[in-house]
Amino acid sequence: RKMALVNRELAVISDELLATLLKEQAPKHIKDYEDYDGGRIASGAENHDYTQLRIEYRNVLKIANLESFHQLTKLQLSNNVIEKIENLDQLVHLTWLDLSYNNIEFIEGLDKLVNLTDLSLQHNKIEQVEGLETLDKLDVLSLGDNDICGADEVAQYFRGLKSTIRSLSLAGNPVCLEEECAKRIVAYLPSLRYLDWVRVTDETRVDSQALFVNELEKIRILEDMARAKNSDADALAAKQQQFVDALLPDMYDEAFWEKIHKTGSDLDLLMQIPGLNDELAKFKDVVLEQTTRIGEKGLEAHAAREEEFRLVTQALEEVIAEAGVQSAIEAQLLHKEKDEAVDEAMSNPSPGSLLALEQLHDLMDAQKDAFMNREISVQFDCEEIIGTFDRTLQDLNQKMIELINEGMAATRKAEEDYFNSLTSRVIRFFEGYARGVVAEEGFQVSEELHMVLRDKDHINNICTTAHDKQVLAIDTAEELLAEQMAAYLKDHVVGLQQAERHRNRARIVEIMANAAFFNDDIDSIAATL
């Protein structure tokens with residue numbers, strides 16, 4: 001069969017081929033409604049009208065030209081000579097995909113098809129199970145008659161997927177010839193209900209799990225460890241995001257310490273000298289203390305900032321809404337008076353009724369002035385509310401910046417003490433070592449440390465370089481925190497001001513347009529009468 005396909009001329013998924021297929025497979029509601037002209041739908045029914053498409057026995061070599069079929073849920077590409085899974089990223093609604101009886105070697109190109117529940121890849125040239133990690137909804141998978149080997153690797157791969165595959169076909173693969181392959185697959189996949197189209201009975205499952213009980217226990221332990229690690233990673237990521245949102249990146253746990261504490265190969269060797277790690281621990285304690293203090297106060301300050309923003313938004317909405325309600329009531333009363341005057345003029349045309357219509361112009365002009373004055377008042381109130389918010393944020397930020405400056409000053413002082421102590425201790429050790437005296441009995445100077453202790457200038461250079469880097473890191477962190485708080489203040493205050501200016505301009509245009517329409521309507525009615 002495949003030789004017959006290969007001997008035919010290779011095809012591409014061209015517009016002409018698609019037009020032919022669409023004509024054959026068009027949904028009934030389209031066939032009943034549309035006429036076909038030259039292989040195309042005359043009224044312009046688009047590719048996104050189709051939810052199913054079959055391209056089989058067409059000798060197609062490459063998947064292409066399907067990007068516009070956005071709404072496809074079922075796609076059949078079986079019985080072709082396709083060599084690679086590609087160009088399917090746009091078909092995100094696919095739930096059923098048949099690529100069986102092709103020449104595919106690798107499972108790839110499926111990452112975006114997250115809604116896929118049924119995938120057929122049987123009768124291809126696949127050697128390894130892979131590329132299914134994002135298919136969390138996959139329920140039915142057919143991989144029969146390929147070149148897949150390694151029962152243990154296959155079982156572990158499927159067990160590691162998020163999807164709970166209930167029907168799996170592997171028949172016709174070399175893996176099926178391996179000892180106890182079927183039982184291993186059943187034991188490793190508790191969600192599996194059908195293997196090679198045969199139902200997995202409870203008895204089979206129990207027997208299979210008993211056969212691999214030791215391996216499964218080890219796997220469960222590793223899975224529990226991985227889950228715990230992922231849970232810790234998720235918790236850390238959540239904490240990181242919390243402090244980023246609070247404009248305090250790295251102000252938690254040891255993150256700030258790890259950012260400012262500088263190491264190096266030569267410095268690490270010097271730290272072997274007795275007593276230096278004690279000095280480092282003192283420095284670290286101060287950094288962690290200040291980090292905790294800044295972090296805790298910073299979270300409180302951020303909560304206060306967010307609450308102030310909520311309150312200012314609410315206050316602005318209330319001022320605008322109150323003015324809107326009052327204006328709506330007044331406009332309704334004037335329109336009622338207009339309707340009464342028009343009814344009177346239409347039923348009893350007279351100079352008096354026409355005069356009453358003309359007087360509505362004065363009433364509208366007065367109302368327009370009243371609305372404009374009210375809008376000026378609203379604008380003033382909004383500016384006052386935003387100004388108060390600005391001053392409150394500035395006070396909060398100023399207090400926070402003062403706290404940060406104090407913390408960073410204490411950190412710099414601790415770093416200076418550490419640097420001085422580090423340098424003096426290392427120099428004293430160097431001088432004693434040069435005389436053949438070691439500060440601590442039993443301490444052995446390694447060959448690497450011996451090379452570092454070659455002269456005093458070199459030692460000073462190592463310590464000074466580390467000191468300069470640490471001070472720079474502290475200064476940079478302090479500047480960044482202050483800049484972020486200033487940016488938050490600017491973004492929120494300026495954002496509110498811009499939104500208010502936009503609303504104010506739109507309201508003025510609305511008032512003027514409504515007044516003009518009202519007056520034009522009165523003139524038109526009067527002219528008719």
Query raised in the report: For K74 and D118, what are the C-alpha separation, side-chain angles and deciding distance, and is it a salt bridge (Lys or Arg N to Asp or Glu O under 4.0 Å)?
Result: CA-CA 9 Å; K74 290 188 176 183; D118 193 318; over 6 Å; no
Query - Chi angles and distances behind the salt bridge (Lys or Arg N to Asp or Glu O under 4.0 Å) call for R310, E307 - result: CA-CA 5 Å; R310 185 189 67 80; E307 177 63 12; 2.6 Å; yes
Requested in this report: Could you walk me through whether N65 and D15 pass side chain to side chain donor-acceptor pair (under 3.5 Å), step by step?
Outcome: CA-CA 8 Å; N65 206 24; D15 289 342; 2.9 Å; yes
Report task. Could you please spell out the steps behind the side chain to side chain donor-acceptor pair (under 3.5 Å) verdict for N87 and E67? Result -> CA-CA 7 Å; N87 299 321; E67 295 84 357; 5.3 Å; no
Query raised in the report: Can E308 and R305 be said to form a salt bridge (Lys or Arg N to Asp or Glu O under 4.0 Å), step by step?
Result: CA-CA 5 Å; E308 288 296 330; R305 283 193 298 265; over 6 Å; no
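Within a 6.0 Å radius of OH in Y157, other residues, nucleotides and ligands contribute more than 12 heavy atoms. Atom CG of D202 sits in a sparse spot, with 12 or fewer heavy atoms from other residues, nucleotides or ligands closer than 6.0 Å. Within 6.0 Å of CD on E203 lie no more than 12 heavy atoms contributed by other residues, nucleotides or ligands. The environment of E322 atom CD is sparse: at most 12 non-hydrogen atoms of other residues, nucleotides or ligands sit within 6.0 angstrom. No more than 12 heavy atoms of other residues, nucleotides or ligands shown are found within 6.0 angstrom of CZ on R166.
Using modelled atom types, one side-chain atom of T95 and one backbone atom of T73 make a donor-acceptor pair closer than 3.5 Å. Side-chain N or O atoms of S78 include none that pairs as donor or acceptor with a backbone N or O of E56 at under 3.5 Å. Distance alone, capped at 3.5 Å, places no donor-acceptor pair between the D521 side chain and the F517 backbone. Side-chain atoms of N146 come within 3.5 Å of backbone N or O of L143 as a donor-acceptor pair. Looking only at distances, no side-chain donor or acceptor of D390 sits under 3.5 Å from a matching main-chain atom of V493. The backbone N or O of A516 lies less than 3.5 Å from no partner atom in the side chain of N519, so there is not a single donor-acceptor pair. No donor-acceptor pair under 3.5 Å is formed between the side chain of N79 and the backbone N or O of Y101. Put simply, the side chain of T388 gets close to the backbone of E384: a donor and an acceptor are under 3.5 Å apart. Judged purely by atom type and a 3.5 angstrom limit, H492 uses its side chain to pair as donor or acceptor with the backbone of Y488. A donor-acceptor distance shorter than 3.5 angstrom exists from the side chain of N173 to the backbone of L170, with no hydrogens or angles considered.
Considering CD of E318 and CG of L311, their distance stands at 9.5 Å, rounded to 0.5 Å. With values rounded to the nearest 0.5 angstrom, L135 atom CG is found 8.5 Å from L161 atom CG. Atom CD of Q209 and atom OH of Y188 lie 11.5 Å apart (nearest 0.5 Å). For the atom pair CD of E24 and CZ of R54, the computed distance is 8.0 Å after rounding to the nearest 0.5 Å. The CD atom of Q367 sits 8.5 Å away from atom CZ of R374, with the distance rounded to the nearest 0.5 Å. Distance check, rounded to the nearest 0.5 Å: OG of S100 to CD of Q122 gives 5.0 Å.
With respect to R58 and E16, no salt bridge is recorded, no charged nitrogen being found less than 4.0 Å from a carboxylate O. Salt bridge present: E500 and R503 bring a charged side-chain N and a carboxylate O closer than 4.0 Å. Salt bridge status for K239 with D253: present, with a side-chain N to carboxylate O gap under 4.0 Å.
Using a 30° and 60° split on the angle between ring planes, F243 and Y252 fall in the tilted class, from 30° to 60°.
Annotation for V92 and K112: closest pair CG1-O, 3.8 Å, computed over non-hydrogen atoms. Nearest heavy atoms, L481 versus L247: CD2-O, 3.4 Å. Across all their heavy atoms, F518 and L334 have their closest contact at CZ-CG, 4.0 Å. The shortest non-hydrogen separation linking K84 to I63 is O-CD1, 3.8 Å. For M251 against T291, the heavy-atom pair with the smallest separation is C-CG2, 3.5 Å. Heavy atoms only, all atoms of each residue included: I13 and A64 are closest at CB-O, 3.4 Å.
Residues satisfying the salt bridge (Lys or Arg N to Asp or Glu O under 4.0 Å) criterion with D152, sequence neighbours excluded, are R184. Applying the side chain to side chain contact (heavy atoms under 4.5 Å, CB included) criterion to L61, with sequence neighbours excluded, gives L10, V81, E83.
Checked by atom type, the side-chain pair N103/N124 shows no donor-acceptor distance below 3.5 Å.
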